[in-house]
Protein chains: 2
Amino acid sequence: MSCHGTIIDQLRAAGVRLTPQRALVLDVVYHTDGHLTADQVYERVHAQSPQVDLSTVYRNLVFLRQQGLIGELRLEGQPVRFEAVRAGREHHHALCTHCGAMLELAQADLSSLQATLLDRYGFHLEPVHLTLSGLCQACAAAA
Amino acid sequence: MSCHGTIIDQLRAAGVRLTPQRALVLDVVYHTDGHLTADQVYERVHAQSPQVDLSTVYRNLVFLRQQGLIGELRLEGQPVRFEAVRAGREHHHALCTHCGAMLELAQADLSSLQATLLDRYGFHLEPVHLTLSGLCQACAAAA
DNA sequence: CTCCCAGTTGCAAATCTTCGCATCTGCATA
DNA sequence: TATGCAGATGCGAAGATTTGCAACTGGGAG
């Protein structure tokens, strides 16, 4: 059903249970390029396994996020969206509060912050998915 | 009713309407040290003006956050919480995903990230309230 | 001081997300 | 391969947050 052997191995190694529902949610998110709302994930899961419940989808989205396998995107005024976290393509988002443009930031852009936190607080920042707000170049120039 | 003249002036200067409901929400948040859930804000607002609706409280919390006057805290598994953004005491939060400890980060800790984003993307990071996840010193040491 | 209207509000209903609980099942172990 | 049980699921209901809309109002223009 899934073509994500590596990820599934990773899950097994972490000692978590791999239920068909969980695999399906993972599969749906990983087969999409964009950002899906929980409801959209549910729709697609439901199309393949109609008995799967929406709450199970939610629970698995939370679970997979905690495992670091999916990232979530909380944009102003719309439901939370999820996306795959692909090895080697980890990234964060910077959202322009003025025009809504979104740019992707490389994980490396956070490395100095990571170092700062470790240095000053002994805090190990997780490479979790972040969404930062601000003004994009164009809007900043216009202002 | 309120003792936040400066902030109110700031709002008027920004050309926004200052309704009693809005002033009350602002007042409640600024008269609390901790982090209040929307519901707690509503309770306190309601105690003073019983006719104010919960949705108005929500709308004003969103509005005041957009104005940068309050910050929000989204902690795993609990409703969103809000807190005052006090001039000179802007800060962010770092949450330990293991023990739940929360430490406050100074705005200055983000300055290098801010510089990086401006430099690499021309993106002007807003000093908005952030919550970062990771491991605190103690938990990291234990692991 | 009065008028006007864009922005707000209260209310009710929709939407989104989480939870409790009885039942079920992946998978480690024997 | 059969068994046990911690963790997952489905379902119903609750909780959290947002929205549509008609009525109302803060505060600038006249």
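Below, chain A is the first sequence line, B the second, and so on; all start at residue 1.
- For the atom pair NE2 of His92(A) and OG1 of Thr131(A), the computed distance is 9.5 Å after rounding to the nearest 0.5 Å.
- Within the 3.5 Å criterion, the main-chain N or O of Arg22(A) finds a donor-acceptor partner in the side chain of Thr19(A).
- Residue contacts for Thr37(A): at a heavy-atom cut-off of 4.0 Å it reaches no nucleic acid atom on any strand shown.
- Among the atoms of the strands shown, only primed sugar atoms or phosphate atoms (P, OP1, OP2) are found under 4.0 Å from some heavy atom of Leu18(A).
- Rounded to whole angstrom, the span from the CD atom of Gln40(A) across to the P atom of dC16(C) amounts to 10 Å.
- The 5' end of DNA chain D is approached more closely, in terms of each residue's nearest nucleotide, by Gln51(A) than by the other of Thr19(B) and Gln51(A).
- Rounded to whole angstrom, the span from the CG atom of Leu54(A) across to the C1' atom of dC19(C) amounts to 13 Å.
- Heavy atoms of Asn60(A) sit under 4.0 angstrom from primed sugar atoms or phosphate atoms, though from no base atom.
- For Asp53(B) and dA13(C), the CG to C1' distance is 12 Å, given to the nearest whole Å.
- The interatomic distance linking Leu75(B) (CG) with dA16(D) (P) rounds to 15 Å, in whole Å.
- Taking atom OH of Tyr58(A) as the reference point, atom P of dA8(D) lies 20 Å away to the nearest angstrom.
- With the nearest nucleotide of DNA chain C identified for both Arg17(B) and Val57(B), Arg17(B) has the one nearer the 5' end.
- The separation between His46(A) atom NE2 and dC11(D) atom C1' is 13 Å, rounded to whole Å.
- The distance from atom CD of Gln21(B) to atom C1' of dT9(C) is 6 Å, rounded to the nearest whole Å.
- A donor and an acceptor atom, one from each side chain of Glu126(A) and Thr97(B), are located under 3.5 Å apart.
- Nearest to the side-chain atoms of Pro20(B) among the listed nucleotides dA8(D), dG26(D), dT17(C) stands dG26(D).
- Checked by atom type, the side-chain pair Thr32(A)/Arg44(A) shows a donor-acceptor distance below 3.5 Å.
- Proximity note for Thr56(A) (side chain, C-beta onward) versus dT18(C), dT9(C), dG10(D): the nearest is dG10(D).
- Distances shorter than 4.0 Å separate none of the side-chain N or O atoms of Ser55(A) from OP1 or OP2 on dT18(C).
- Atom P of nucleotide dC27(C) and atom CZ of Arg22(A) are separated by 10 Å, given to the nearest angstrom.
- Side-chain atoms of Arg59(A) stay outside donor-acceptor range of the base of dT18(C), with no qualifying N/O pair under 3.5 Å.
- Ring pair His91(A)/His129(A) is perpendicular by interplanar angle, where above 60° counts as perpendicular and below 30° as parallel.
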